[in-house]
Amino acid sequence: MDWQGDDYSFLCIDECWGRLGVKEPKDFHAWRENYPVTVAVLDSGITRDHVAFRHLPEIRGKNFTPDGTALDIDDDDDGHGTQCAAIIAGGTYDAADGGEKEAGFCNGVAPFADLYICKIDRSDVRSVIAAINELIDKKKDGSLKVDVICIPLGFTNFDAQLRKCIYRASLKNITVVCAACSDGRKRSLGVQYPARFGDVICVGSHDMRGRPSKFTPVGREIDILGPGEVRSATPGKDGVKNAISAVKGTSFAAPFVAGIVAMVLANAQRVGGESLRTAVSNNAVMRHILREMATEPGEHSEDHGHGILDPSQIFPDELFHQTVQEITTEYHPLTKDSGDEQQDNEGRLDISELTEAEDAAAKLLTKMQKIGESTFKPDTKVTIAVIGGKLANPEQLNIVAKQSYLPEDEQCSTRVLDFAPGHTQYVVAEVANSKQSKANIANDINEAVNVHNADVVLIQVGFEKFNLNTLRAVSKAMQKGRVVIAAAPELPETSREIPFPAKLGDVICVGSHSKKEEGSAFNTRGRELDFLALGEGVSGCCGTAVAAMVAAATVGFTLLYAESVGGIEMRKGVQCNAVMREFLRGACSRRGRHTPDQGHGILNPHKLFRRGPEHFKHSVRQIVQVKVNK
């Protein structure tokens with residue numbers, strides 16, 4: 001059972017299965033019976049009579065193409081769907097590679113998995129959206145339990161409905177694995193949608209030496225690399241049913257990772273029953289499990305993410321259970337770090353007594369307020385929810401609701417730079433570390449969104465461990481069109497690793513920089529970091545919480561500006577985490593590059609608006625198609 005022959009022996013797939021008790025192909029039948037996993041493949045269909053699939057009891061599916069009949073899932077395109085499905089769940093068979101025969105070719109990484117084939121039009125995002133929504137609905141009504149969705153394709157342009165259905169899938173505990181791109185070009189910012197969304201697992205490609213493939217794109221979104229230069233089942237000519245061919249692309253790396261995800265889900269049930277399987281059944285936890293399998297779990301780069309996968313790293317039973325527990329055990333709110341230490345800084349920002357760093361904050365505030373005064377329409381409003389430490393300047397803000405879990409003598413830890421006074425109102429929940437308060441962050445988020453209709457949700461606290469209720473609250477907020485921003489504070493337990501919820505993929509994650517535009521010493525680092533905002537010397541307050549507040553103020557300002565110059569439709573168009581991230585990236589000092597230490601560099605909020613309304617509208621239309629006022 002040497003997967004792909006000797007081509008990828010360094011991935012140790014056969015060794016991995018051996019550790020899980022699978023010695024020969026017939027052993028997969030027991031896994032299918034005892035630990036069932038269903039993987040949905042969105043592609044061109046499947047050649048069901050290929051011998052690669054003869055071990056599967058049945059292959060179900062539906063045709064979502066505009067002109068197809070519902071039950072026709074035959075691969076009548078170029079064989080792409082067949083090739084991808086076989087990489088996931090193909091069996092071991094005697095294959096014909098051109099004119100040569102190969103005995104015992106092991107095609108799929110997870111032969112025990114059941115397949116559900118969604119035949120879609122690879123050039124039509126509407127068919128993809130329809131397929132995902134139906135898979136979710138079927139899981140909801142119990143007619144089909146889909147665990148993994150594999151999307152080995154991509155689209156250049158953002159689509160709001162695609163964004164919404166990916167949120168829905170996440171809330172239904174469906175892991176979504178996406179190919180980084182489908183155009184075969186290696187370029188910066190080349191990751192396509194939906195792989196570009198932060199809450200999916202984005203897969204690039206590596207070759208038979210473990211190096212990034214020449215065609216794999218470069219981008220912050222890359223999570224890991226899978227083997228994308230492989231051989232797989234393909235529709236044969238003249239009735240040949242065992243044909244294989246060499247294929248290349250990130251669209252073939254994604255099915256490999258989808259198969260590994262199926263292995264993780266099944267093994268979780270084998271080791272810890274349904275409770276452990278449920279714990280790993282979402283993108284946030286699964287991403288971290290895959291990272292622990294990778295060659296560089298503590299590093300991240302744009303060209304290879306966290307590296308290539310070695311499943312044998314976590315599949316001894318005791319290590320697997322330990323890995324999952326380390327990720328999913330609930331943890332309490334933020335323990336303060338040196339950069340986020342709370343200080344007593346009551347009162348207004350006194351420009352006459354500013355330090356150099358504070359002068360930078362005052363200049364930024366003056367620039368933004370001047371633009372707003374000349375641009376905003378009188379009736380435009382935005383609501384920002386602030387969930388974090390005690391505010392130093394509440395008397396300067398229009399606070400419409402406030403709840404505090406802090407003692408009255410708690411020191412102030414953060415200050416709001418109000419870029420749009422008179423147009424911005426605040427919902428505030430003051431929370432502290434676990435020794436002082438056990439605030440329910442999920443409830444605070446839900447109340448801010450559902451009761452106070454907050455447009456922007458800022459979370460300044462952090463957690464060491466993943467929390468499902470927080471994920472659900474954040475996902476629902478983003479699904480409703482709220483922009484969610486999180487600080488990336490350093491926790492003693494995480495060794496400068498970004499904590500939750502900033503680590504949740506589609507949240508806008510913010511680090512801090514100084515007046516000298518250098519990364520702050522108290523920053524954390526990781527793939528999730530989007531950019532650095534001013535976080536030092538804002539009237540004595542410093543920390544990633546302050547930097548995230550600057551980012552939230554920028555987002556609120558953007559919404560007001562969009563409505564004032566382009567109408568409510570433009571505001572709705574940018575009021576989405578995926579779009580807002582792309583827009584803010586345009587004002588970053590390194591928007592074409594990403595590093596774990598600085599993200600896309602220094603955010604300059606003034607840059608977004610200084611060239612006037614027409615340039616702003618043009619920038620928005622580069623990301624999303626919206627109707628705008630002339």
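Heads up: numbering here begins at 1 and tracks the sequence.
Screening residues 278-290 for side chain to side chain donor-acceptor pair (under 3.5 Å), with sequence neighbours left out, gives D223-R287.
Nearest heavy atoms, T554 versus L608: CG2-CD1, 4.0 Å. The two residues V177 and V261 have their closest heavy-atom pair at CG2-CG2, 4.1 Å. Taking both residues in full, the closest heavy atoms of S564 and T380 are given as OG-CG2, 3.7 Å, listed atom of the first, atom of the second, then distance. Residues A284 and L504 approach most closely at CB-CD2, 3.7 Å, considering heavy atoms. Shortest non-hydrogen contact noted between Q598 and L532 is O-CG, 3.9 Å. In terms of heavy atoms, A473 sits closest to A442 at CB-O, 3.8 Å.
Counting heavy-atom neighbours within 6.0 Å of K381 NZ, excluding the residue itself, gives a total above 12. The environment of H618 atom NE2 is sparse: at most 12 non-hydrogen atoms of other residues, nucleotides or ligands sit within 6.0 angstrom.
When atom types are taken as modelled, the side chain of S520 and the backbone of N523 share no donor-acceptor pair closer than 3.5 angstrom. A donor-acceptor contact shorter than 3.5 Å is absent between the side chain of T544 and the backbone of G511. In terms of modelled atom types and a separation under 3.5 Å, the side chain of S589 and the main chain of G601 share no donor-acceptor contact. Between the T524 side chain and the A488 main chain, a donor and an acceptor come within less than 3.5 Å of each other. Between the side chain of N577 and the backbone N or O of V484, at least one donor-acceptor pair lies under 3.5 Å. Of the possible donor and acceptor atoms, one in the side chain of Q575 sits under 3.5 Å from a partner among the backbone N and O of G481. Judged purely by atom type and a 3.5 angstrom limit, Q460 has no side-chain atom pairing as donor or acceptor with the backbone of P489. T424 places no side-chain N or O within 3.5 Å of a backbone atom of P421 that could act as its donor or acceptor partner. Using modelled atom types, no side-chain atom of N393 and backbone atom of Q396 make a donor-acceptor pair closer than 3.5 Å.
Contact annotation: the side chain of R168 approaches that of Q479 to within less than 4.5 Å [non-hydrogen atoms, C-beta and beyond]. Here the side chains of K503 and C509 are not in contact, with every heavy-atom distance at 4.5 Å or above. A heavy-atom distance below 4.5 Å is found between the side chains of V128 and F155. Residues Y426 and L391 have side chains not in contact (no heavy-atom distance under 4.5 Å, counting atoms from C-beta outward). Considering only heavy atoms from C-beta on, L534 comes within 4.5 Å of H513 through its side chain. Residues L471 and F466 meet the side-chain proximity criterion, which asks for heavy atoms closer than 4.5 Å. You'll find the side chain of F376 stays beyond 4.5 Å of the side chain of V382, heavy atoms only. In this structure, the side chains of T470 and F500 stay at 4.5 Å or more apart for every pair of heavy atoms.
To the nearest 0.5 angstrom, N446 atom CG is 12.0 Å from H452 atom NE2. For the atom pair OG (S475) and CG (L171), the distance works out to 5.0 Å, reported to the nearest 0.5 Å. Between the CD atom in E563 and the CD atom in E569 there is a gap of 10.5 Å [rounded to 0.5 Å]. Atom-to-atom distance recorded for L162:CG and N133:CG is 9.5 Å, nearest 0.5 angstrom. Interatomic distance, CD1 of I166 versus NZ of K164, reported as 14.0 Å (0.5 Å rounding).
For H594, the side chain to side chain contact (heavy atoms under 4.5 Å, CB included) partners at least two apart in sequence or on another chain are R220, E302, H600. By the ring-ring contact (aromatic ring centres under 6.0 Å, His included) test, F616 is found to be paired with Y561, F583, F609, residues two or more places apart in sequence or in another chain being considered. With sequence neighbours excluded, the residues that form a side chain to side chain contact (heavy atoms under 4.5 Å, CB included) with H306 are I224, R291, A294, H300, R527. Not counting sequence neighbours, Y167 has no partner by the ring-ring contact (aromatic ring centres under 6.0 Å, His included) test. Residues passing the side chain to side chain contact (heavy atoms under 4.5 Å, CB included) test with T383 are Q425, V427, A454, D455, sequence neighbours excluded. With sequence neighbours excluded, no residue satisfies side-chain hydrogen bond (donor to acceptor under 3.5 Å, both in side chains) with T375. Evaluation of the side chain to side chain contact (heavy atoms under 4.5 Å, CB included) rule for K172 yields I136, K140, I174 as partners, not counting sequence neighbours. Take K402 and apply the salt bridge (Lys or Arg N to Asp or Glu O under 4.0 Å) test, not counting sequence neighbours, and it matches E430. Checked against side-chain hydrogen bond (donor to acceptor under 3.5 Å, both in side chains), T175 has no partners two or more places apart in sequence or in another chain. Evaluation of the ring-ring contact (aromatic ring centres under 6.0 Å, His included) rule for H304 yields no partner, not counting sequence neighbours. Partners of E299 under the salt bridge (Lys or Arg N to Asp or Glu O under 4.0 Å) rule, at least two apart in sequence or in another chain, are R525.
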Please assess F197 against V176 for the test side chain to side chain contact (heavy atoms under 4.5 Å, CB included), listing each intermediate value before the final yes or no.
CA-CA 11 Å; F197 297 141; V176 183; over 6 Å; no
Residues V474, M478; criterion side chain to side chain contact (heavy atoms under 4.5 Å, CB included); working and verdict:
CA-CA 6 Å; V474 167; M478 292 190 292; 3.6 Å; yes
Could you give me the CA-CA distance, side-chain angles and deciding distance for V483 and T558, then say whether side chain to side chain contact (heavy atoms under 4.5 Å, CB included) is met?
CA-CA 11 Å; V483 179; T558 302; over 6 Å; no
Walk me through it: do E614 and K617 pass the test salt bridge (Lys or Arg N to Asp or Glu O under 4.0 Å)?
CA-CA 5 Å; E614 292 306 314; K617 289 188 280 189; 3.1 Å; yes
Give the intermediate values and the outcome of side chain to side chain contact (heavy atoms under 4.5 Å, CB included) for residues V456 and L559.
CA-CA 10 Å; V456 183; L559 298 179; 4.1 Å; yes
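Between the side chains of D303 and S301, at least one donor N or O sits under 3.5 Å from an acceptor N or O. No side-chain N or O of N450 forms a donor-acceptor pair with one of K476 less than 3.5 Å apart. With 3.5 Å as the limit, one finds no donor-acceptor pair spanning the side chains of N467 and R472. Neither side chain, E292 nor T323, offers a donor N or O lying under 3.5 Å from an acceptor on the other.
A salt bridge between E582 and R163 is absent, with no side-chain N of the basic residue lying under 4.0 Å from a carboxylate O of the acidic one.
For the pair R196 and F158, the NZ or CZ position fails the cation-pi test of under 6.0 Å to the six-membered ring centre and within 45 degrees of the ring normal.
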